[in-house]
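To start, the structure itself, in structure tokens.
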Amino acid sequence: MSEDRDEFEREVAALLQDPQWQGHPLQHALQALNARYDERGAMMARLTRIADRYQLAERERGLSFVQRYERQLRQLEKIIRISDQYQQMLRELNEELQRTASHDLLTGLFNRRYLYDRLGEELGKAARGHGQFALAMADVDLFKQINDSYGHDIGDAALCHVARQLAAPLREYDLCGRWGGEEFLLLFPGGDLEAAQQGIQRIRQRLQDEPFVHDGRVCPLTLSFGVTEYRQGESTTAILKRVDEALYRAKHAGRDCLECA
Amino acid sequence: MTFFAYNQPASRPQTSTAAADLQREGISMQDLNIIATTSSPAIATDWNEGRVILAGDSYPENAFELFQPLLDWVSAYLAQAGQPLRLELSLLYLNTSSIRIMMDLFDQLEVAHQAGKSVRLQWFYDARNERVADLAEEFREDCTFPFDIIAEERA
């Protein structure tokens, strides 16, 4: 197209230059028309240049938007990532707090506070006629002697050993915790005296099979138990008092035994 | 807000405008000394020493309101002080908007560093809590200025 036009433009230019047409009215008109044509062409070229520049600017603006968007997206992703980590940190801290609120630091068993709450719950359920439960209190025999002859560190290790042997043979829904000192409480939800005695028998057997070993020497450890079951309408204090008394009788009966109440 | 002296009305709501005014007047900004609360860290600055200290937990209700004076202080310092700036952070927990502000703050330091100014950051953490170090690492990722993560042994 442009070559054709160039060819044509050359033809027109030649005609305008041709002496034989000088002074002819059509030569004059063609000259004026050609001048106008040049003017329009220049204007068109200018318009195109402006439009191109404008288009380029828009394109660059779009690109910078994309860049900014991508930068902000990266920043946002980083904030979210860091924020998630902080949340995770808080969650772990919270779990740790919950654990220390309900567990004994030394043995890792439930602590007295948690056991007391659970005992209250079981008592409430039983009082409303939803089942039965049994309770046992265990005490390490002659624990003071272990502490006195080996020191408190070994005493603590002995308690941890006992705690493991107490917890291992229990059923999933039975509870076991450190009541204080060398005393442990066992709660058998849904169980009666018979069930509790069977559980305790398994514990005593296990303690025989897996004795506490210190410095390569077996240190025989035994437990005395008091066991009782829930009686309709009684309070937490009443059942705790009865199980404690049973334990006391077991101690007086020569230790390493079980007394029911 | 009483961080700005030099005849600025104490109740002036736009701290950033106040900062801009000071900047125009070429006057160094008054140092910040904001006491820590249970939900916001201690914020202290020292123009002469070129030092910023942030210490504590940060989950304020309005983080932008709390930190704007600090962002203003740092940008004024970097623009005018002509001497090194050191940030000492002992931050433990940061909520999401505080994280955002720290990133803005570090961006300011990065820009200054790229412009050849001397800036450095020290992030102190309790040696028993390695998670804080991991988080500081995340922050450090895009920073090229000196950024040290330092364990502190506590008794």
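Bear in mind the structure is a predicted one, so any value in this text is a computation, not a measurement. Letters A, B, ... mirror the listed sequences (proteins, then strands); counts begin at 1.
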| Structural part of E92(A) lying under 4.5 Å from a heavy atom of chain B | side chain
| When only pairs under 4.5 Å are counted, which of Q85(A), Q87(A), R74(A) shares the most heavy-atom pairs with chain B? | Q85(A)
| message | Measuring only between side-chain heavy atoms, which start at C-beta, is L135(B) closer than 4.5 Å to M89(A)? | response | yes
| note | Looking only at heavy atoms, the pair that brings L92(B) and Y86(A) closest together is O-CE2, 3.2 Å
| query | Is the number of heavy atoms from other residues, nucleotides or ligands within 6.0 Å of CG (L105(A)) greater than 12? | reply | no
| Minimum-distance pair of heavy atoms, taken over all atoms of S83(A) and T96(B) | OG-OG1, 2.7 Å
| Of the backbone (N, CA, C, O) and the side chain (C-beta and beyond), which part of D142(B) lies under 4.5 Å from a heavy atom of chain A, both, or neither? | both
| field | OH (Y93(B)) with more than 12 external heavy atoms under 6.0 Å | value | yes
| said: Counting neighbours of CD on E61(B) that are heavy atoms of other residues, nucleotides or ligands and sit closer than 6.0 Å, is the number greater than 12? | reply: no
| query | Could you state the interatomic distance from CG (D134(B)) to CD1 (I82(A)), rounded to the nearest 0.5 Å? | reply | 11.5 Å
| query | Between R81(A) and E141(B), is there a side-chain N and carboxylate O pair less than 4.0 Å apart? | reply | yes
| For L90(A), is it the side chain, the backbone, both or neither that has a heavy atom under 4.5 Å from a heavy atom of chain B? | side chain
| message | I'd like to know if the side chain of K78(A) reaches the main chain of R100(B), judged simply by a donor and an acceptor atom lying under 3.5 Å from each other, with no hydrogens or angles considered. | response | no
| message | Please report the interatomic distance CD1(I79(A)) to CE(M102(B)), rounded to the nearest 0.5 Å. | response | 12.0 Å
| task | Can you measure from CD1 (I80(A)) to CD1 (I99(B)) and round to the nearest 0.5 angstrom? | result | 10.0 Å
